[in-house]
Amino acid sequence: MTMLRKMSITICALFLFLGSFIISQAADFNIASYGGKPDGDITDALTKAWTDACAATDASKILVGAGTYMMNAVDLRGPCKAPSIELQVDGLIQAPADPAELKGADQWVKIGYVNAFTLSGTGTFDGQGPAAWKANDCIHNPKCDWPTMNFGFNFINNSFVKGVTSKDSKNFHVNVLSCNNFNFDGFNISAPEDSPNTDGIHIGRSNGVVVANTHIGTGDDCVSLGDGNTNITVVNVYCGPGHGISVGSLGRYDNEAPVSDVKVRNCTISNTMNGVRIKTWPGTPGAITVSDMHFEDIIMNNVSNPVIIDQEYCPSNQCDKSTPSKIKISNVTFTNISGTSQTQEGVLLICSSGVPCDNVQLNNINLTFNGAEVTAKCANVKPTVTGTVPACAA
Ligand SMILES: *[C@@H]1O[C@H](CO)[C@@H](O)[C@H](O)[C@H]1NC(C)=O
Ligand SMILES: *[C@@H]1O[C@H](CO)[C@@H](O)[C@H](O)[C@H]1NC(C)=O
Ligand SMILES: *[C@@H]1O[C@H](CO)[C@@H](O)[C@H](O)[C@H]1NC(C)=O
Ligand SMILES: *[C@@H]1O[C@H](CO)[C@@H](O)[C@H](O)[C@H]1NC(C)=O
Ligand SMILES: *[C@@H]1O[C@H](CO)[C@@H](O)[C@H](O)[C@H]1NC(C)=O
Ligand SMILES: *[C@@H]1O[C@H](CO)[C@@H](O)[C@H](O)[C@H]1NC(C)=O
Ligand SMILES: *[C@@H]1O[C@H](CO)[C@@H](O)[C@H](O)[C@H]1NC(C)=O
Ligand SMILES: *[C@@H]1O[C@H](CO)[C@@H](O)[C@H](O)[C@H]1NC(C)=O
C-alpha cells in the first residue's frame, strides 16, 4: 500500500467517524435552528422541528430554550419514526390573549398519536386566559363556544409530562384522551380561583394514567375523570384553590363507557368547593357502572364538601331530577380522611334511588367543622364503617 493510499483511508475513516458523530448529535432539534427566537413567534419553528424530530430514526429531542416566545395553536402528531421524542421547554411560551386569534382550535398545544413522548423542562405555557374568561357565558348558555384548552394529549402511550407549568388556560388546562400508561410527575397548574372552566387535568377513555407530585390551583376541578377510564392513580397531589378531585360528571350521554379502578392517595386538598367526589346526572340516559374507587390518606383544609357522592348532580337545573340516575356505583372506599370542613355536613353520600350504591366503606373519617365532628347525610346507601366515622343521617 502506498503512503498516499494509507493516508486517504485514514482520512476517509476520520470523516466516517465525524459523520456518525454529527448524525448522533442531530438527534437534538433546537427551535433556534428553525428561526425560533426569543420575543418572536415560534409556531412555525416548533412545527418544523417536530416534523424533523418525528422523522428522525434516533431518539430525538426538541429544545425550546430560555426566553419568552409567542405561539399560536400547534398540532403535533405521529406516527413517528423516532423511537422516542422529548420536547424540553425551559422558556415561557404565551398563547394569543385574544381567543379569536386561535381560530377555534380546541387545544393550543395538541400532541397525538405518538409513543414514548416526554414533555419536560422548567418552562411555562401561559394560555393568557383573562380575556376568554371575561367572555365565557357557558354557565348560562349550553350552546356557548368553548374556548381553547392549553393542552390536548390524544392517543399517546408510555409517556411523561414533568416539570413544566400550565398557567391561565382559557378553558381546561389539560385534556387526556385515549392514552395508555401516561404519567404526570412534578407538573404544575395554576389559574385563579374565579377563572371559569379552568379544570386542571381531565382524563377520558384512558388506561394507566398516573398524576403524581403535582400542584394544581385553579377555578374548577383539579382532576376530573370522565367515562371509559380504568387504572387511574392520583398520588401526592396538592389541590387548591379549585373544585376538588372528581370522578364525573357521568351519565349525561348514552354512549359512555364504564369507569373502574381509580386510586386517589396521599393528597392535600385546600380551600376548595369539594374534596373527593363522584358525580352523576339524574334524568339522563347514561347507565354505566362505576366501581373500585379508592380514596385514602387525604388531608382536607377548609373544604366545603370534603367527601361526596352526588347522584343528583344537575348544574343550572339542566336535567329532570324526577328520574333517578341509572349509574350503578359499587366498591368505593374512603379511608383516613382528616382535616377541616367549611360545612357541617362533611360527608354526603347521595346515591341513586333507582340503583342504590353497593359496598361503600368509610374508614377513619376525622373531619371537623368549627371544631366539632362533621355530620354525614346518606341516601340509598348503607356504608360499612371502621374506626371513627360520623354516623349516617337520612
Ligand atoms: C397505543 O396503544 C394502543 C393499545 O395498545 C394501540 O392500539 C395504539 O396503536 C397505540 N398507539 C401508539 C401511537 O403507539
Ligand atoms: C407553579 O406555577 C406558579 C405560577 O406560574 C408559580 O408561581 C409556582 O412557583 C410554580 N410552582 C412550581 C412548583 O413550579
Ligand atoms: C395500570 O397502569 C400502569 C401504568 O400506570 C401499568 O403499568 C399497568 O400495567 C396497568 N395495569 C393494567 C391492569 O392495565
Ligand atoms: C405524601 O405526600 C407528602 C406531601 O406531599 C410527601 O411529603 C410524602 O412523601 C408522601 N408520602 C408518600 C408515602 O408518598
Ligand atoms: C376557605 O376557602 C374559601 C374558598 O372555598 C376561601 O374563600 C376562604 O378564604 C378560605 N378560608 C380560609 C380561612 O382559608
Ligand atoms: C366489588 O368487589 C367484590 C369483592 O372484591 C367483587 O367480587 C365484585 O366483582 C366487585 N364489583 C364490581 C362491580 O367490580
Ligand atoms: C390509615 O391510618 C391507619 C392509622 O393511622 C394506618 O394504620 C393505616 O395503614 C392507614 N390506611 C391506609 C390505607 O393508609
Ligand atoms: C382527629 O384530628 C384531630 C386534629 O385534626 C386530632 O386532634 C384527633 O386526635 C383526631 N382524632 C382521631 C380519632 O384520630
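Counting starts at 1 for both ligands and their atoms, following the listed order.
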- Step-by-step salt bridge (charged side-chain N to carboxylate O under 4.0 Å, His left out) determination, Asp39 to Lys37: CA-CA 6 Å; Asp39 305 317; Lys37 295 190 192 75; over 6 Å; no
- Got the residues with a heavy atom under 4.0 Å of ligand 7, by chain and number? Glu296, Asp297, Thr335, Asn336
- Item | Pairs involving residues 62-126, ordered by first then second residue, that meet disulfide (SG to SG under 2.5 Å) (sequence neighbours left out) | Cys54-Cys80
- Criterion side-chain contact (heavy atoms from CB on, under 4.5 Å) against Phe334, the qualifying member of Ile309, Asn364, Val389: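 Testing Phe334 for a side-chain contact (heavy atoms from CB on, under 4.5 Å) against Ile309, Asn364, Val389 leaves exactly one candidate, Ile309.
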- Message: Check for me, please, whether Val307 and Val385 land in the same ILVMFWY cluster - side-chain distances under 4.5 Å, paths through other members count.
- Response: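 Looking at the clustering, Val385 is in the same group as Val307.
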- Message: Quick check on the hydrophobic clustering: are Ile298 and Val360 connected, directly or via other members, by side-chain heavy-atom contacts under 4.5 Å?
- Response: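 Yes, because Ile298 and Val360 connect within a single hydrophobic cluster, where side-chain heavy atoms sit under 4.5 Å apart.
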- Would you indicate whether Asp145, at its atom CG, is surrounded by more than 12 heavy atoms from other residues, nucleotides or ligands within a distance under 6.0 Å?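 Open.
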